[in-house]
Every structure is written in C-alpha cells, then in structure tokens.
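Comments concern the structure below.
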Amino acid sequence: MKKKILICIVCSVCSLMSYAQSKNLKLADEAFDNKTYSTARKYYEAVLDECKVSGDNTTAGYANFRIADCYYKANNYERAIPFYKNALALNYTDTTKTLYRNYADMLMMIGDYRTAKEMYNIHMSKFGIDEITYAHLKSCEFVDTAQTFETMYDVTNAQAINTRHGDFAPSPYKGKIVFTTSRFNVDSIVYTYTGDSFEDLFETFYNEEQDTWSPVTRLPGAINSAFNDGTFTFDARNNTAYFMQCNGATGLDKNCNIFISKYNEHDAKWSKPKPFMYNNTRYSSGHPVLTPDGLTLYFASNNPAGLGGTDIWVCHRDSVKTDLWSQPENLGPTINTKDNEMFPYVNDNNGLYYSSNGLLGYGGLDIYYAPKQGNTFGKPINLRPPFNSSADDFGLMYLSEGRGLFTSNRIGGVGNDDIYMFALKDVKIEVVGRVLDASESKPVANAIVLVKNVTTDMVDTLVTDSAGVYYYPTMEPDMQYKIFVYKNGFLNPDGRMINTAGVNQYTYLDSLHGYDMNFSLQKIEKGKEYEIKDIYYDLDKYELRPVSITELQGLVGVLNNNPEICIQINSHTDERASDAYNIILSNNRAKAVVDYLTSQGIDGRRLTWKGWGETNPVFKNAQTEEQHQSNRRTTFTIMNFDELQLAQKAEEQNQAIQKLESNGKQAPREQGVYFRLQIGASKAKCNNKTFSKLEESDLQYPTYCSKDSDGLYKYTIGSFTKFQDATAAKDAVDKLGYHSFVVAYENGNKISINEALRKIQDLERK
C-alpha cells in the first residue's frame, strides 16, 4: 500500500513538473515568436532549470538553442556562444537550419575564426551552399591570411559617455555630438526585444583641447518618442534633423522609417517629427546622413527592390530650401551585397563611409570607404584594424582632420555598443630599461628613475618594479632627454643621454632593439675598492691616455650624482719593477686622476689619492700578462662612509616612493598575454580618489595609475591571465558604480582584445 502511495506521489510530482515545464515552454515560444526576446529568454531559462531535474535532454537542447538565439537577436555574441555550444553537446536537431550558421556568426565575432570556419562548413555540408554563408566563410579565410599593417591611428574607448547599455552612431550637430543610447532615464520603458530601454537621442560636447566630455543630456522637445529613436543627421541651413524612428507612435509598427524634426532656437526644443516623403509601411528605412552641402541624402533600407538584406540608397534635391527629394536610387552592386549595408557617412563629397557584413572583413559589420568616381563610387576599401574588429564596427564620424568617433561592440567594452575615439598617432618613442645590482646581477626594485627633458626642463618620475624594470612611453621627437637612477644604499650612476632629433616613426628604445637603457648600480660598502675600468697609461708614464678620459667622465657623473661622498683614488701597479719605483709611479698616476676630476669641476676637498705600488696585488706572483694587467688597476674608496647616514636616506627614499605611489602606482610590465580593467583616463596627474569606491569594497584587486603613450593617466585594476576572469571582475567592479572596460597586454604592450584571444587560442592548440 505504501509503495502504491509513493508511486502516486512521484507520478503527481512528475505531472506537475511536466505541466510547469510545458507552461513555461509555451510562454517562452510565444514571447520568442512575438520578438520579445528578453522575456522569452527568462522563460527558456526556467525550462532549463526544470530539465536539470527531469533529465529531459531533448527539451534542454531546444531551450539552449532558443536562449542562444535570443542573445543572437540582441547581438550579444559573448553570451550566445555557450548556449549554442550546449545545444550541440546535447545533440539538438535544429529544424530551422540556422544553428551552425548562427553559432559560426557568433564565434566569428569573438575572433575564433578557425572554429567559425568549421561551423560554416558543417552548415553548408548539411543544408547546401548559400551566398551569405559562403561570404562569411571567405571572410574567415581572409582574416587568417590578411596582412598585418602598422596602424597610423590610436583607438580608445570614449569611456566618459558610454554605459553598460547601447551607445552608438555619433553625429555632428552645432559643434556638439548627438548619439543614440538605450540607457535608462526617468521616462524609460523596457524594450523587451533587448531588455534595455527604448533608444533615444542624447547630446554632449567634446572639448578636443582638454579631452573632456560635457554631461550627456536627452534632446529636448518632441523629437524623442516613447519608443526607438536614433541615427541622427543635421541640416544646418534649415535647422532640421533627419533621424530614424522605429515602432511608430504606438510602438506596434513592425518597421522603421525616417522622420524630420525642426529645432526652435527661441524655445530650444525640437518640434514634433514629420515623416520623410518616401517612408513605407512595407519595409524599413533609416540611418540617414546628409552630405555637407545638404543636397544629397544617403540612407539604409531593406526595400525589396534592393540587392538583399539592407542596402544603401540615395536621394537628391536641387536646393536646400526645398523639402522635395528625388526618388530613392540603389547605389548598386559596387556598394551593396546580398547581406547588410548600413550606417552611411559622408565627411566631404569625395567618398562614402559605410558598414557591411557582406564583403570580405573581420567579422560582423566592418567599416569601408568607397571613393567617389564621378557620379558613382569605386571599389570599397576595408579600413582594417583598429577601426575594424571581429565584432560589429559602424557609425563613423570625423571631429576634425585625422580625429573622430565610431561605434563598436568589440570584446572588452564598457557595455554593448560603445563609442570609440580614433586619432592619428603621434610619433611614439618608448623607453624600457632595467636596473640591476652590479655585484649580484639581481633586479633593483623601487629605484627612483628620473626622465628629464633637457630641452624643456620638465621631469617625470618613475619607480622600478619587482623585476627592476622601468617603462617610459611618452618621449617626444626633436628633444634631448637624460635618465637618472637613484636608490638608497647604492652609488647613483651617471645619467644616460637620449637624443630624439629626427625621429619620425615608432621607436622602441631597449636592449632588444640595440639601445642600452639598463643601469648597473654599485652598493655602497665600507672599505670597498670600486674599480674604474679602462684607465690606461703608457709604459712607465702617468699621463692619462684619451681612452681613460672617456671612462673618467663616468666617474665625474657618479660624483655629481652623489654629492655627499668623498673618495680616495687608488692606483696599483704590477710587480715587475722595484717597490720604490712602483710607489712613486702609482702615486703620480692617482694624482693625475684627481687632477682631471678637479678640472671637471669636482671640489678638491672631496678627493684624495694614494699610490699603492705593488703592495696590494690581485694576483701575487703573477705569471701571465692578463694577471699583470689585473694588478695594474685604478680604483676608488668611499672615505666618509660613516657620515653618509644611509638609514636616514633610506627612509627619505621610502617617503619619496610613497608620495609617488599616492599619485598613482605604475602598472608593472608583466610577461605573456594578460588583461586589466580600465576605469578612467585623465590629462591631470593621478588622483587616488578615483579608486575610493573600490578600496572601500571587499574586492581585493590591485590598482594602478600610469601615464600612457597618449599622454593620459590611465586608471587600471588587476591583472588577469584569463579573459573570463577579467569580465567577471568587470561585472563586480561595475556594480560599485564604475563604467569599466577590459584592456589586453602582451609583455607590457597594449594589444587588441581579439589579438590577445587569438594568441591564447593558438597557445591552447599547441
């Protein structure tokens, strides 16, 4: 009887679970079909939880696939990939015939081109070759063989205006910048397609001279609706904006169209938008951009009369005083493909920038430039990295000559779509050196390194890391520099001169590139004789030879850099003459060194000398010429060791280092590929208040503030060898209120996230 009751209870529980699962699955499918993907994803996640209990792998495979597709629709490739992978592991059979292709698209966007190629090939072997999939496969092969070019541009995340939501498509407007964002504000409504807010148009001002952004504000007036508004272009002659609006006034429309709004200078508000004359309810149009003369309008549309996907179209007008435009014309197969072309931009009338995922590229949307050729355009040119990445890159605009903005959802950004800045590189001169203990060949940590620009008399101060390494990435061309090293308890050597006159390209000054920027420090020891190498005299003479003068200049530098020491010059001979003769000869030779030092401005009260003759040989009864040479030597001894107060100077140096670190700790140059989080950048010197929220939290990540090659002080956090660890740390740090993004390095040099991931993948495959 008890057994029957137990069976009934188990059956009842299973029935309830089956009912709950089928209910969640039904709600999930309904939401998916209605394109409310963020809602659908939550229901599918509930189905997955139920499958873990029931062991229903078939349904679990389907739920994983659908969750992946929800992220795919929202273009969240990083989160989509593990669910596609799970669906394949559960042997899910996809009736939509999109699993392998969508999975490959997402893999391509993280830069895993090899696995993406495998998935594209599987898709085509199962379902046949289609033009779009084949084009994506060829892009994977293109990236594998693409030549690497030294880029002329620096690209940085416009961190001050980006959020964890979408921020994209910047456009110029009256000296300011208007962009589209899905950030939440007081009037926001959740867009269930993505889970973010509906998109609105916001504005900001960028001060190029100070490299600062004004607070971001929503455009005033009626231009923003309750639904999706974005991709703005401005007609300055008519004070009129053309922009894209999706979902219509009620939010129920299935397509997007172009609308027009006028700016009222008196009220400082935008008027209620009116539809563009060629809007259509059967298909979408958007991403409008006007040429500088205001006579040409380019836009994107999935008009079925096009070549496939979305194409770039154009309209013309005879005068800026009219709102009448010519019939839209497709730009044709030179520009458009079977896939998607969108986000056109014109900086002048000489060419067209736009994005496409149908041409050979690096993955997702890439930015291309097509030069104007009469009334048509020439073959589009891929802008390559750093403009293009494995993810979506689009929405480019210029701020000034060689400087501008574009949008990307590349790996490691602040949010989904981020706005990035690009600028022509300055000539980059980086210096890397190492400070070693001369007696033990060990690194000297916490040595203070002064980099003095002799031309401008400006000084920057660094501290060596645990490996004794210092790094200075911001030398300028046509300058003279001198580098000094100071460490308590060591003799501070003469400075190292660097002349950057005539340098007009990237230059890396370190021992690997033929530049000796290393320093060897001698410990200060009581009674120790420090040899002055290469001090030579003619036989039986005490006049200094020219080669000796060169070496003694180093000793002049040591005495100038250590003004508190008094020394005795010691001269030693070999054993091959009489004792009395050698004493006189060595005494004269030591005196010659002292005379030279005083001639170079060294105070004679700091100097004394002594000739030792043959009384203190290195090799007694020397037999070889090498041994005799070792016995013939010139040295110096520190005579006021007990007065140097080394303990006090050690404390002074520690205080100096603490002061330096209170203004930011230089990030160490580590070996291999690793990641850090950047939480800020400033032209002003480091201010540890930036890290205050982190320091008050339970997170134990090290913090750094270092002057970067672009002249900005970068605030960074932690060091992670795995990208997943860096993104997990980003989530934790952003919960404190930061807008961080991931930065990748190799051996201390900044590289792109994609490059870092490829290098890690290559190592894992070996």
Side-chain angles (χ1 to χ4, degrees), residues 149-162 167-181 201-217 219 231-237 239 241-242 263 287-296 298 343-355 367-372 381 383-388 393-408 417-428 474 476-477 504-506 681-684 708-714:
F149 291 88
E150 177 65 30
T151 177
M152 298 169 57
Y153 290 90
D154 281 320
V155 167
T156 55
N157 190 293
Q159 193 172 358
I161 59 172
N162 290 320
D167 303 284
F168 59 96
S171 181
Y173 158 64
K174 288 181 174 289
K176 296 186 283 189
I177 295 162
V178 171
F179 66 98
T180 309
T181 180
L201 293 166
F202 278 62
E203 65 181 357
T204 183
F205 170 72
Y206 176 63
N207 186 320
E208 285 195 59
E209 188 175 323
Q210 297 180 10
D211 190 35
T212 56
W213 296 87
S214 69
V216 172
T217 57
L219 290 191
T231 321
F232 170 105
T233 188
F234 187 63
D235 178 0
R237 293 171 180 83
N239 242 10
Y242 293 73
Y263 184 70
H287 305 163
V289 67
L290 286 161
T291 52
D293 60 14
L295 298 177
T296 304
Y298 296 97
F343 293 99
Y345 171 73
V346 182
N347 184 43
D348 48 37
N349 289 319
N350 297 321
L352 176 71
Y353 294 89
Y354 69 103
S355 289
I367 304 173
Y368 296 83
Y369 174 74
K372 195 80 177 286
I381 302 162
L383 294 193
R384 297 181 177 272
F387 293 95
N388 291 323
D393 305 287
F394 58 96
L396 180 142
M397 66 158 278
Y398 275 89
L399 291 166
S400 57
E401 184 69 28
R403 189 180 183 94
L405 305 169
F406 70 96
T407 308
S408 180
D417 294 321
D418 278 357
I419 294 172
Y420 287 80
M421 305 184 68
F422 67 87
L424 277 169
K425 281 185 174 181
D426 294 327
V427 175
K428 190 174 181 181
T474 53
E476 300 175 37
N504 58 7
Q505 61 183 359
Y506 171 79
S682 173
K683 282 190 174 180
D708 209 345
S709 57
D710 56 9
L712 297 178
Y713 291 88
K714 302 292 177 66

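Computed from a prediction, not measured in an experiment: that's the story for all the values here.
In this structure, Leu424 and Tyr153 have side chains that are in contact, with non-hydrogen atoms separated by less than 4.5 Å. A heavy-atom distance below 4.5 Å is found between the side chains of Tyr298 and Leu352.
Judged by distance alone, the side chain of Thr204 and the main-chain N or O of Ser214 form a donor-acceptor pair under 3.5 Å. Under the 3.5 Å distance criterion, the side-chain polar atoms of Tyr345 are left unmatched by any main-chain donor or acceptor of Phe394. With Ser171 contributing its side chain and Val178 its backbone, the two residues share no donor-acceptor pair below 3.5 Å.
Open room surrounds CD on Glu401; 12 or fewer heavy atoms of other groups in view lie less than 6.0 Å from it.
Between the CZ atom in Arg403 and the CG atom in Asp154 there is a gap of 10.0 Å [rounded to 0.5 Å]. Within the model, atoms CG of Asp418 and CG of Asn157 stand 4.5 Å from one another, a figure rounded to the nearest 0.5 Å. A distance of 5.0 Å separates CG in Asn162 from CG in Asp167, rounded to the nearest 0.5 Å. Rounding to the nearest 0.5 Å gives a distance of 8.0 Å between CG of Asn388 and CZ of Phe406. Here CG of Leu295 is found 7.0 Å from CZ of Arg237. Values are rounded to the nearest 0.5 Å. We find the OG1-CG distance between Thr291 and Asn347 to be 11.5 Å, quoted to the nearest 0.5 Å.
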Apply side chain to side chain contact (heavy atoms under 4.5 Å, CB included) to Thr180 and Phe232, showing your working. CA-CA 8 Å; Thr180 309; Phe232 170 105; 6.0 Å; no
Mind running side chain to side chain contact (heavy atoms under 4.5 Å, CB included) on Leu396 and Phe387 for me, showing each step along the way? CA-CA 9 Å; Leu396 180 142; Phe387 293 95; 4.2 Å; yes
Evaluate side chain to side chain contact (heavy atoms under 4.5 Å, CB included) for Tyr173 paired with Tyr263, printing each intermediate quantity in order. CA-CA 11 Å; Tyr173 158 64; Tyr263 184 70; 3.7 Å; yes
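For the pair Lys174 and Asn239, the tightest heavy-atom approach, listed with the atom from each and the gap, is NZ-OD1, 3.2 Å. Closest heavy-atom contact between Gly395 and Pro170: O-CD, 3.4 Å. Between Val346 and Gly351, the shortest heavy-atom contact is CG1-O, 3.8 Å. The two atoms that bring Ile367 and Asp393 nearest to each other are CG1-O, 3.3 Å, heavy atoms only. The shortest non-hydrogen separation linking Leu399 to Ile177 is CD2-CD1, 3.6 Å. Across Thr233 and Leu290, no two heavy atoms sit closer than the pair OG1-N, 3.1 Å.
Partner Trp213 forms a ring-ring contact (aromatic ring centres under 6.0 Å, His included) with one of Phe202, Phe205, Phe179, Tyr206 and no other, that one being Tyr206.
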